[in-house]
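Structure, as structure tokens:
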Number of protein chains: 2
Amino acid sequence: MTRPLGDRIRVQFERQILSGDLPPGARLPTEQEIMARFGCSRMTVSKALSALATAGLIERRKRAGTFVARPRVHSMVLEVPDLAPLIAARGQTYAFRLDRSEELAVREGHLAGRPARHLVGVHFADRQGIAVEDRLVSLAAVPDIARADLAREAPGTWLLRHVPWTEADTRITAVGAAPQEASLLGLSPGDPCLCVERRTWRGRDPITFVRQVFRGDSYELVAHFGPGAS
Amino acid sequence: MTRPLGDRIRVQFERQILSGDLPPGARLPTEQEIMARFGCSRMTVSKALSALATAGLIERRKRAGTFVARPRVHSMVLEVPDLAPLIAARGQTYAFRLDRSEELAVREGHLAGRPARHLVGVHFADRQGIAVEDRLVSLAAVPDIARADLAREAPGTWLLRHVPWTEADTRITAVGAAPQEASLLGLSPGDPCLCVERRTWRGRDPITFVRQVFRGDSYELVAHFGPGAS
DNA sequence: TAGTGGTCTAGACCACATG
DNA sequence: ATGTGGTCTAGACCACTAC
């Protein structure tokens, strides 16, 4: 049960960095010194340090050496849960109701100029509307969307199983509920809602644009930053 | 200007996967076959495929082979910009005003039972309040906080330079502005605001808890998912 | 210019899971 | 049982850059 040597090297420096023992800007030993200390070949040391560099914990500069990176403020991992299991986990019953489905030519956005299916619906938890969804799906990229049974399965869930995206942008804002949204969600107009807008691609082909408006009091997003594996 | 061989191997499979040429579940050639095709050693192939595996694009199983991974829905990279440069980039003038600074013993949360400094202040863009901030900073972890000049530099910026965190949780919700918040931000009570709550640690020591309430009409968060490097 | 990391080789032994 | 990936070695040459 002895862990790989490269892992032990990586974990040792990981610990020293996270504990503050090696503060940001500190210099690590050279590969030669680490080789000698662990009695291993240079390739093993190189792979261990490369992993730390990929993870952003260290920064390597030729001729100068290897240094503990200044922490990057600007990136955390955002959890993007699927609504159905999330609501089921709360002990509530999930449902989706499709209110509109039509074809149209998109005028703007990353789907501009393409024929698309326009889908509007509501996500429910125990008969309480918790989110309204307005979606465009490229017919060129997803011709099968016409045959999908979207009466109960949310378009997002269906899409994910049939045409998983490889690239996505998400924009998160707070908005006041529009009158129609408010009535669907059982709110008063202007009540705070979380608005999530997402554009997705597969390779370079745009797939879908979706705008989801969630009741502010029953939905939250969670993000995490940390060393991750260890 | 010839790219490293390992990179070329990695990029080739990356492209085939993202284009859908190699769909999820498809099997990649064995390392032996790739060695032969590129005329390189096995180590080079191994490093290229390991990088793809770390990135989550492929999955490697002994005796079975290497396969294109089923895409993971549930994680995107959330950009967490520092407010000052963000506002400067808009061509506005940034300022922070500290309204309260006191010591207290925290009762709940990840700082429970610890003495802390309680800081309340407002972020401004061109004299318009755009966010109110309520923060607790552990005195045990950051004794220097007492000496910090927080009159103009936001506590978050100061903290980042002096005690960078290594781990953080963020919760994003939509809330209605409380009366006091509304008056500070020039809103009416109940107007939609984006609420960001973050807990941070350095190693296992809790550092700070912060709740920021942003004007819904002048702040947004952006997240991205994609192959990243290429 | 000398020391650092970046990359690569041509082997090797091992663990493991599948056929 | 066998073929796959996991890891490691003991070298090597090169590019870059801080000294």
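The chains referred to below are lettered A, B, ... by the order of the sequence lines, with proteins before strands, and numbering in each begins at 1. Every heavy atom of this structure was used, including side-chain atoms; hydrogens, water molecules and symmetry mates were not.
A straight line from CG of A:Asp7 to P of C:dA15 spans 16 Å, rounded to a whole angstrom. As rounded to whole Å, 12 Å separates atom P of D:dT9 from atom CZ of A:Phe38. Atom pair B:Arg27:CZ and C:dT18:C1' shows a separation of 11 Å (rounding to whole Å applied). The CZ-P distance, from B:Arg10 to C:dC8, rounds to 11 Å in whole Å. For B:Met35 and C:dA12, the CE to P distance is 12 Å, given to the nearest whole Å. In this entry the distance linking CD of A:Gln32 with P of D:dT9 reads 14 Å, nearest Å. Atom C1' of nucleotide D:dA10 and atom CD of A:Glu31 are separated by 14 Å, given to the nearest angstrom. Rounded to a whole Å, the CZ atom of A:Arg3 is 18 Å from the C1' atom of C:dC14.
A side-chain N or O of A:His123 and one of A:Glu133 form a donor-acceptor pair less than 3.5 Å apart. Donor-acceptor pairing under 3.5 Å is lacking for the side chains of B:Thr66 and B:Arg27. Between B:Thr170 and B:Arg198, the side chains place a donor N or O and an acceptor N or O closer than 3.5 Å (distance only, hydrogens not considered).
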Could you please spell out the steps behind the side-chain contact (heavy atoms from CB on, under 4.5 Å) verdict for A:Leu28 and A:Phe67?
-> CA-CA 6 Å; A:Leu28 273 65; A:Phe67 302 85; 5.9 Å; no

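A salt bridge links B:Asp169 to B:Arg199: at least one charged side-chain nitrogen sits closer than 4.0 Å to a carboxylate oxygen. Salt-bridge annotation for B:Glu31 and B:Arg60: present, with a side-chain N of the basic residue lying under 4.0 Å from a carboxylate O of the acidic one. Under the 4.0 Å criterion applied to side-chain N and carboxylate O atoms, A:Asp205 and A:Arg202 are not assigned as salt-bridge partners. The existence of a salt bridge linking B:Glu59 and B:Arg61 is confirmed by a sub-4.0 Å separation between a basic side-chain nitrogen and an acidic carboxylate oxygen. Using a 4.0 Å cut-off between a side-chain N of Lys or Arg and a carboxylate O of Asp or Glu, A:Glu33 and A:Arg37 do not qualify as a salt bridge.
Within 6.0 Å of CZ on B:Arg15 lie no more than 12 heavy atoms contributed by other residues, nucleotides or ligands.
In terms of modelled atom types and a separation under 3.5 Å, the side chain of A:Thr173 and the main chain of B:Glu220 share no donor-acceptor contact.
Relative to the axis of its first five pairs, the axis of the last five pairs of the helix from C:dT1-D:dA18 to C:dT18-D:dA1 sits at 10°, rounded to 10 degrees.
Within residues 42-52 of chain A, the residues that place at least one heavy atom under 4.0 Å from DNA chain D are, in residue-number order, A:Arg42, A:Met43, A:Thr44. Residues from residues 58-68 of chain B lying near DNA chain D, meaning a heavy-atom separation below 4.0 Å, are B:Arg60, B:Lys62, B:Arg63, B:Gly65, B:Thr66 in numerical order.
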